[in-house]
Structures are given as structure tokens and as C-alpha cells.
Amino acid sequence: MLISKMVQIEFADPQIKAVDAIYDIRKAAENAGLNLYSRYDVQLQMPMAVDGKVIVEVKVPDKMADNFAVGNRLRGIASYLLKRCDGRYDQYVVGKRLLTYTEIPAPEVKTNELATVDRLEAIVDFTKLLERSDDEAMDQIGRILAILKEGR
């Protein structure tokens, strides 16, 4: 089983935003992802730009999840940018670091959706109501339709 971790990638130097280099970061992640998968069965998804930030999903085998060091394992992305991008990013190295990786905690999922079983029961009840043609049924159908029109 795989555990999903969301990681934000940003340059160590604040002069450049990772989203501005998304094309190169995607190529680097593709390269690093092949290495991670072949060595550790870790799946690195395609980095995506979300609200001006670069986010990548990392799927880690559950046996490795507790000890998985994000920065250490994703250093292949920075290595690719430094070695294969014709020196474009050399000036953004701070200390010995080009990129920073921040694990984003998974948001707590709170839903106030109606359960599927309850939805199906409501459909069955409404269907039975539609089969009737007495005044009470027609009145209830009219009220339900009015509520549905309000919700559009």
C-alpha cells in the first residue's frame, strides 16, 4: 500500500519562484522519479502549479513512510536543475542548497454530504411518490420541485 505525501517545492533563494521554472522542475521530477521508483518503489507524480506554488505528490510504500526524508529523497530534482540546465540556476544556490522541500500536511476531510445509501433511499421514496396520483402526493411533489428549483 502507498502513503501519499504532498510536498511544496520552492527555491532556497527568494529571488526566483519555483512556479517560474515549472517546465524545468517537471523534467527534473520525471528524471528523479524514475530513479526513486527503480530503487525504492516511490512514485513521484508530475509537479503541479497550485496558487502560485509548485506542489508534487509523492507516493511512498507504507513500510518506508515513517522514515521517509523528503529533502534527502528529492535532491535528484535539484541535481538535475544544476547539472542539465546549462547553468541557469547556479546563481540561485544558497549555501549548498538550490531547492527547499516542505511537506504539506494532508487536509482533514470534513464532509457534510449525504451518504450514498441515504441518497438512494431518497430517490426510491421520490420514485414511489411519482407513481401515485392522489392530491397529497401531487402536493408533496410540487413542494419538492419548488425546493429543487430554489437550490439551482
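Sorted by first and then second residue, the pairs that involve residues 54-68 and meet side chain to side chain donor-acceptor pair (under 3.5 Å), not counting sequence neighbours, are S4-E57.
Proximity of I25 to L81: side-chain heavy atoms (C-beta onward) are separated by under 4.5 Å at one or more points.
Listed for the R75 side chain is a donor-acceptor partner under 3.5 Å among the backbone atoms of N72.
A chain of hydrophobic side-chain contacts below 4.5 Å, direct or via other Ile, Leu, Val, Met, Phe, Trp or Tyr residues, connects Y101 to I22. Both V7 and V19 are members of a single hydrophobic cluster when ILVMFWY side chains are connected at heavy-atom separations under 4.5 Å. When the side chains of ILVMFWY residues are joined at heavy-atom separations under 4.5 Å, either directly or via intervening members, L148 and M138 end up in a single hydrophobic cluster. With hydrophobic clusters built from ILVMFWY side chains whose heavy atoms lie under 4.5 angstrom apart, M6 does not share a cluster with V58. I55 and I16 are members of different hydrophobic clusters when ILVMFWY side chains are connected at heavy-atom separations under 4.5 Å.
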Considering only distance and modelled atom types, tabulate donor-acceptor pairs under 3.5 Å from the side chains of residues 31-54, sequence neighbours left out.
{"residue": "N35", "atom": "OD1", "partner": "R39", "partner atom": "NE", "Å": "3.1"}
{"residue": "S38", "atom": "OG", "partner": "L34", "partner atom": "O", "Å": "3.2"}
{"residue": "S38", "atom": "OG", "partner": "N35", "partner atom": "O", "Å": "3.1"}
{"residue": "Y40", "atom": "OH", "partner": "R73", "partner atom": "NH1", "Å": "3.2"}

Check: residues 84-93 side-chain donor-acceptor pairs under 3.5 Å, at least two apart:
{"residue": "R88", "atom": "NE", "partner": "D24", "partner atom": "OD2", "Å": "3.4"}
{"residue": "R88", "atom": "NH2", "partner": "D24", "partner atom": "OD1", "Å": "3.4"}
{"residue": "R88", "atom": "NH2", "partner": "D24", "partner atom": "OD2", "Å": "3.1"}
{"residue": "Y89", "atom": "OH", "partner": "D24", "partner atom": "OD2", "Å": "2.4"}

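Rounding to the nearest 0.5 Å gives a distance of 11.0 Å between CD of Q140 and CG of L130. Put simply, CG on L2 and CE on M64 are 11.0 Å apart, with the number rounded to the nearest 0.5 Å. Atoms CD and CG, from E10 and L98 in turn, are 11.0 Å apart once rounded to the nearest 0.5 Å. Distance check: I77 CD1 to L99 CG gives 7.0 Å after rounding to the nearest 0.5 Å. To the nearest 0.5 Å, the span separating CZ on F126 from CD on E131 amounts to 11.5 Å.
More than 12 heavy atoms of other shown residues, nucleotides or ligands fall within 6.0 angstrom of atom CD in E103.
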Derivation of the side chain to side chain contact (heavy atoms under 4.5 Å, CB included) call for V56 and I9: CA-CA 7 Å; V56 64; I9 299 174; 3.9 Å; yes
Apply the test side chain to side chain contact (heavy atoms under 4.5 Å, CB included) to residues T100 and F11: give CA-CA distance (whole Å), side-chain angles for both, the deciding distance (0.1 Å), then the verdict. CA-CA 6 Å; T100 59; F11 279 92; over 6 Å; no
